[in-house]
Amino acid sequence: MAKPIEISNLSKTFRGKKGIRVDALRDLSLSIEPGEVFGFLGPNGAGKSTTIKILMGLITATAGSACLFGKEISTAQARLSVGYLPENPALYDFLTGREYLGFVGKSFLMAAADIEARSDEVLGLLELRDAANRPIRSYSKGMVQRLGLAQALLHDPDLYVLDEPMSGLDPIGRALVKDIIRSLKQRGRTVFFSTHITADVEAVCDRVGVIVRGKLEALDSVEHLMRSGIEGYTVQVSGGAPEEGCGYDFRPLKGDGREYYVPKDSFNRFIELISAAGGKVELIETRRKDLEEFFLEIVK
Amino acid sequence: MYTLFSLNLKWIVRDRILQALLTASLVLIMLVPVLSSFSMRQSQELAVTLSLSFISFVLLVFTLVLGSTMLWRDIERRYTYSVLSLPFDRGTYILAKFLAVAFFIFAGALFIGLCAALAIKVSAVRDPSTLPLQWGRIAVSIFMDSLKYALLAALGILVSTFSTSFFMPFFSAVFIFLSGSASQDVYEFVTSSSGMKLNTAARVAARVVYYIVPNFGAFNFKLQAIYPIPLDPLQIVYAIAYFIIYTTMALSLAIWCFSRRELT
Ligand SMILES: Nc1ncnc2c1ncn2[C@@H]1O[C@H](COP(=O)(O)OP(=O)(O)O)[C@@H](O)[C@H]1O
Ligand SMILES: [Mg+2]
């Protein structure tokens, strides 16, 4: 089967007024596997939305090409099995929420009965039931964002392309979106979403790509990053002779307890020393660079 | 296609501009019997003339407002992101916009036309004319007028596909309307003996404009509706063919432009 997203050597240069050129995207190559949740992480202005707009056929790349499920992005068919949430979506505000979903459903050639059933489902999921028959004009920013997500979910596509899905939402809304992404993964759907918040990536992603100033600077599985980010351990020890921890910093705890900081490389040696001295390990905690630090390092 | 078409219809129906315009046109039409009664003789002819002019005016405002702003509003309010990322191609999107505007031009013409018929009837009954009322010709005249505005709407959409502001398509449409309405006269003047006295550059320029700008004079059947001048079927066929060809070209060009447009 063709990959949900296949991007090869994509570049985009904006030519502004007065001949100012902005290289928003430089030679981006990336492919997304079926069933994975991919976090497209980058600071503001990194080129995330530019990439996504190119994928959705809204703007054209200066160079390179991309396919969705093997179909060229310039064709309307490429978008048939994609649910897209634009960044800060603007939805026709003269329609009600339910009418908007009806419009989207018809665009994806869904049957009328399906549209109705699925509309109820997604409106309930995003807690928009009460507002469903009100014009979108009367919605708050967070409600529009949730309806944007609802319309992306409506036709139950295989691929989701979400541009900053958590932005504009309160903590409850953010948690809800994370839950939705997790359940999509369970059902084998592919999710590609952009964000500038590392915690969101940690919470739901299988893989992360870090984009800075239009260049893909890192691409790795989140699990591997988390493991390789381990720097050392905090170990609480009781009993034994304090001197035997020699060479390692410690601070005394209540009673005869001590807390050591042990770098990753010397952990085994440390455990040997401690047990030889009759010390008892009470607690081990990993000390790691989190994704945030990793991200900040790359951005610098 | 139908999905986008009906979406646009809904938009126009719920738009306050349409409601305001329809109300205004009803008020105008109700003035017809009043105004025509001021005329000593020929109050029926005056009623027909006034009705046709009012209808034409309302349709013009309608076309300028909708034809040149619908696309702009989509882009300005960033609705294009959510709509054009659905599996529509841009050609369908442009055609649906045009058809929705054209539909409302014809529906509006029919609605105001029926009201006008009532107003004309009132004037005619109150002060009968020696000439019979030519309902058929009045209908033809209104229909041709609608074709003219549908063509203008297509041109308004064409300009919107490459402009970023509201002013450009709006004033282009105004300019096209004015020059298109005058182009037949100007052309005839330029090719007449008195026109020969102009310098060559001006004559060539006038000719170029004549061929580019649509000739709205071809859609003018008002005289036939008011006075007993027979309709020339050939002229009708010519006008319809002209409409089809010109509109097709304008829309094809619009689709071509819009397909290349960056929606940033
Ligand atoms: N229409 C445009 N004209 C000029 N520059 C643009 C345009 N759109 C985006 N850019 C620039 O491209 C870069 C990437 O923008 P974007 O993809 O929106 O970033 P983000 O990662 O925050 O989504 C930014 O520097 C932005 O200023
Ligand atoms: Mg963005």
Side-chain angles (χ1 to χ4, degrees), chain A residues 12 14-17 22 24 49-50 52-62 68 71 73-96 99-100 102-110 135-137 144 147-148 151-152 154-155 157 161 163, chain B residues 1-20 65-66 69-97 100-101 104 161-165 168 255-264:
Chain A
K12 177 71 187 176
F14 287 109
R15 276 185 193 78
K17 286 172 192 137
V22 181
S49 299
T50 302
I52 290 176
K53 282 180 200 163
I54 293 174
L55 288 179
M56 298 312 296
L58 295 169
I59 55 181
T60 48
T62 315
L68 301 174
K71 297 193 190 97
I73 46 170
S74 54
T75 62
Q77 283 82 12
R79 299 190 287 273
L80 260 178
S81 34
V82 183
Y84 167 56
L85 170 70
E87 181 176 33
N88 304 323
L91 310 173
Y92 279 124
D93 64 2
F94 58 92
L95 297 176
T96 67
E99 283 171 333
Y100 195 84
F103 161 65
V104 171
K106 278 185 244 156
S107 320
F108 284 105
L109 311 172
M110 288 168 71
I136 298 175
R137 197 176 296 128
V144 174
L147 184 62
Q151 59 90 36
L154 186 75
H155 66 297
V161 176
D163 200 347
Chain B
M1 174 66 139
Y2 177 72
T3 307
L4 274 179
F5 173 68
S6 59
L7 173 90
N8 283 312
L9 290 191
K10 227 178 240 172
W11 192 358
I12 299 173
V13 169
R14 291 187 187 175
D15 201 340
R16 289 204 196 90
I17 298 174
L18 177 80
Q19 294 156 12
V65 170
L66 283 183
T69 64
M70 276 196 83
L71 194 61
W72 170 78
R73 280 197 277 184
D74 257 12
I75 296 171
E76 172 73 13
R77 299 191 194 164
R78 301 188 306 121
Y79 292 144
T80 40
Y81 292 162
S82 45
V83 176
L84 287 170
S85 54
L86 296 171
F88 296 118
D89 60 50
R90 304 230 179 146
T92 311
Y93 171 85
I94 291 289
L95 278 184
K97 278 251 179 295
V101 175
F104 269 96
T161 56
F162 53 81
S163 97
T164 48
S165 72
M168 169 118 148
I255 290 170
W256 187 85
C257 288
F258 196 62
S259 300
R260 269 146 200 82
R261 174 138 188 184
E262 300 262 45
L263 299 170
T264 55

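In what follows, every chain begins at residue 1, and chains take the letters A, B, ... in the order their sequences are listed. The model shown is predicted, which means the values in this text are computed figures rather than measured ones. Hydrogens, waters and symmetry mates are skipped; everything else that's a heavy atom, side chains included, is used.
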Non-hydrogen atoms of chain A under 4.5 Å away: do they reach the side chain of B/R90, the backbone, both or neither?
side chain
Taking only residues two or more places apart in sequence or in another chain, which ones pass ring-ring contact (aromatic ring centres under 6.0 Å, His included) with A/Y92?
A/F94, B/W11, B/Y79
Out of B/T80, B/L84, B/D89, return the one with the most heavy atom pairs under 4.5 angstrom to chain A.
B/L84
Who wins among A/P86, A/G57, A/S107 for the most heavy-atom pairs under 4.5 Å with chain B?
A/S107
Does any backbone or side-chain atom of A/K53 lie under 4.5 Å from a heavy atom of chain B? Answer side chain, backbone, both or neither.
side chain
B/D15 portion near chain A, given a 4.5 angstrom heavy-atom threshold
neither
Measuring from atom OG of B/S82 to atom CD of A/Q151, what distance do you get when rounded to the nearest 0.5 angstrom?
7.0 Å
Is there side-chain contact between A/F103 and B/L4, with heavy atoms separated by less than 4.5 Å?
yes
Which answer fits B/S259, side chain, backbone, both or neither, if we ask what part of it has an atom under 4.5 Å from a heavy atom of chain A?
neither
State, to 0.1 Å, how close A/R79 and B/P87 come at their nearest heavy-atom pair, and which atoms those are.
NE-CA, 4.2 Å
Heavy-atom closest contact (B/S85 atom, A/M56 atom, distance)
O-CE, 3.7 Å
B/K10 side chain reached by A/L95 side chain, heavy atoms, under 4.5 Å:
yes
State, to 0.1 Å, how close A/N88 and B/R78 come at their nearest heavy-atom pair, and which atoms those are.
O-NH2, 2.7 Å
Just to verify, what does B/R14 make a salt bridge (charged side-chain N to carboxylate O under 4.0 Å, His left out) with, not counting sequence neighbours?
A/E99
